[in-house]
Amino acid sequence: MESAASKSAQLTANAAEDLPAGALQAKLELAEREGRPLRVKLGLDPTAPDIHLGHTVVLTKLREFQDQGHRVVLIVGDYTARVGDPSGRSETRPVLSPEAIIANAQSYEAQAGRILDQNPERYELRYNSEWLDMPMAELLALVRTTTVAQLLEREDFSTRYKGGSPISVLELLYPLMQGYDSVAIEADVEIGGTDQTFNILLGRDIQRHYGIAEQAVLTMPILVGIDGVEKMSKTKGNEIAIESSADEMFGRTMRLPDEAMASWFELLAIAPPADGTGARDSKVALAKAIVMRFHDEAAADAAEAQFVSQFAKHELPDEIDEFSFAASDGVVHLPQALAEGFGISRSEARRLVEQGGVKIDGEAVDPAHLDVDSGLLSGSVVQIGRRRFKRFMIDR
RNA sequence: GGCGGGAUGUCCGAGUGGUUAAAGGAGACGGGCUGUAAACCCGUUGGCUCUGCCUACGCAGGUUCGAAUCCUGCUCCCGCCA
């Protein structure tokens, strides 16, 4: 049987920090001694309904715990989402309606099932409203576990405080509530991104105040988005959703800056190509591996072929959505048709035409001729830039 | 309770009566180059029935030939002192 030390080493291999040092290994030893699985906690912020690669970094780590026989406890922060987590943000997040939170959580759980083992032996899902919707007296008991000075140690709080930016009491409460989650479910280990380090560590203090064994902390590095700079997130538009199509996954991966590739290979636990492989080929390998993970090998090959034909050879994509346009007098005013077909404004359509960004069947549109014969346009492929295509069909 | 500061376009941020659809930056988008990378160059970035018109600088009203800029009221936000 594998030793706790080697299991621990395996789990911390691509992690950012294992706090306090050795705590994880101690927990693993404890589990062995007591012959029980560890309860490994992950808090979910139910604001974004779609799981993207950034989420999978932590989920994959949880899966490793499951594969070692431990039990994952997902906490849907339905109650805390009414507060807003200020992590890494300079401003307060908007609050969500209870309906939206539940819908998001369900969608999240369904998608998380693609990575996690949802066998009840190894998996548990809880909503923190279950215990956070507490009487005032209990809240006060929670609040007295922590001092303001402790909270202000958190970097973004202290930065904002020093800079004279607002910090609401509600935000200060967030780490306390998250910590109480660990009390409620008696977490042995809590996992999160490095931006959660403070919150997770504070959870230990709170557990101690409640007379519960302190959790081990394991943080994972943050995966940058396809812009190569910012944390992957849907609001920044730099994400790759695990539900997206093979072509989209492939294409979006290819837009990743070279410098970010190494971190993607590591955090997504994809074997990097042999030394000496060129940057572009490495990226292709990365893109294929990602597609393979969420689709299959055939899809990955197809996506690569599609990519090569479309972007290297400048051929049309295999599948082009149709757009039916209405034509009166047998003439179509292009800005209007483009606006309707691509969901942009007419002014924007005009600008694109002027800049030579609009092509009909591969021919750049002449800005002087914005009215085109509807019969000629019908059946043509209209393209904006490199990535947007629509087959225009006359609507009889 | 007292004092002070603020609300501008996707974001940040200039602008205190007149070529201001609003400097500059970021981001984004289009073109060139290319590996849908980076770097670099050029251009665009409120809407429209587009040599012009409409809308826009927290909300409402007012002064003025003319206001994001001045006045009044309102809403919201923030800091400091207590």
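Letters A, B, ... mirror the listed sequences (proteins, then strands); counts begin at 1.
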Nearest-angstrom distance, C1' atom, B:G31 to B:G24: 24 Å
Given B:C48, B:G35, B:U36, the nucleotide with the shortest approach to the side chain of A:A279: B:G35
Ion pair A:R208/A:E214, N-O distance below 4.0 Å: yes
Base B:G43 to side chain A:Q355, donor-acceptor N/O within 3.5 Å cut-off: yes
Spacing of A:E340 atom CD relative to B:C48 atom C1', expressed in whole Å: 14 Å
Candidate nucleotides B:C48, B:G35, B:G30, ranked by approach to the side chain of A:R280 - the nearest: B:G35
Whole-Å distance separating the CD1 atom of A:I226 from the P atom of B:A38: 10 Å
Between B:G35 (C1') and A:R386 (CZ): distance, integer Å: 11 Å
Euclidean distance for C1', B:U45 against B:G58 (whole angstrom): 24 Å
Atom-pair distance (CG on A:L316; P on B:U36), nearest Å: 16 Å
Short side-chain N/O contact to B:G30 OP1/OP2 from A:R388, under 4.0 Å: yes
Ion pair A:E124/A:R71, N-O distance below 4.0 Å: yes
Rounded distance in Å between the C1' positions of B:C57 and B:G52: 24 Å
Distance between P atoms of B:G30 and B:U16 (Å, rounded): 37 Å
Nucleotide forming a Watson-Crick or wobble pair with B:U34, both distances under 3.5 Å: none
Rounded distance in Å - CZ (A:R346) to P (B:C54): 19 Å
Any strand: nucleotide that pairs with B:U10 via Watson-Crick or wobble, under 3.5 Å: B:A26
Under-4.0 Å salt bridge between A:R280 and A:D258: no
B:U63: pairing nucleotide in any strand, Watson-Crick or G-U under 3.5 angstrom: none
Complementary nucleotide of B:G1, counting Watson-Crick and G-U pairs under 3.5 Å: B:C81
Ring geometry between A:F392 and A:F325 (parallel below 30°, tilted from 30 to 60°, perpendicular above 60°): tilted
Spacing of A:D227 atom CG relative to B:A38 atom P, expressed in whole Å: 10 Å
B:G13 and B:U19, which share atom name C1', separated by this distance in whole Å: 23 Å
Between A:T235 and A:S233: side-chain donor-acceptor atoms closer than 3.5 Å: yes
Separation between the P atoms of B:C76 and B:C29, rounded to whole Å: 39 Å
Sugar-phosphate only, base, or nothing, as touched by A:G251 at under 4.0 Å among non-hydrogen atoms: base
A:Q111 versus A:I242, closest heavy-atom pair with distance: O-CD1, 3.8 Å
Separation between the C1' atoms of B:A68 and B:U64, rounded to whole Å: 16 Å
Pair partner, B:G52 [Watson-Crick or wobble, under 3.5 Å]: B:C48
Integer-rounded Å distance: B:A28 P and A:N238 CG: 9 Å
Proximal nucleotide (of B:U44, B:G35, B:U49) relative to the A:R351 side chain: B:U44
Minimum-distance nucleotide (side-chain atoms of A:P257 versus B:A38, B:G47, B:U36): B:A38
Closest to side chain of A:S347, choosing from B:G47, B:U49, B:G30: B:G47
Residue met sooner reading RNA chain B from 5', once A:Q310 and A:G357 are mapped to nucleotides: A:G357
Nearest-nucleotide pick for A:K283, side chain only, options being B:C48, B:A37, B:G30: B:A37
A:K61 and A:E64 ion-paired at < 4.0 Å: yes
Atom pair distance, as rounded to whole Å: CZ in A:F307 and P in B:U36: 5 Å
Between B:C3 and B:G62 - P atom distance, rounded Å: 31 Å
Candidates B:U36, B:G35, B:C29 - which lies nearest the side chain of A:D258: B:G35
From B:G30, B:U36, B:A37, nucleotide with atom closest to A:R387 side chain: B:U36
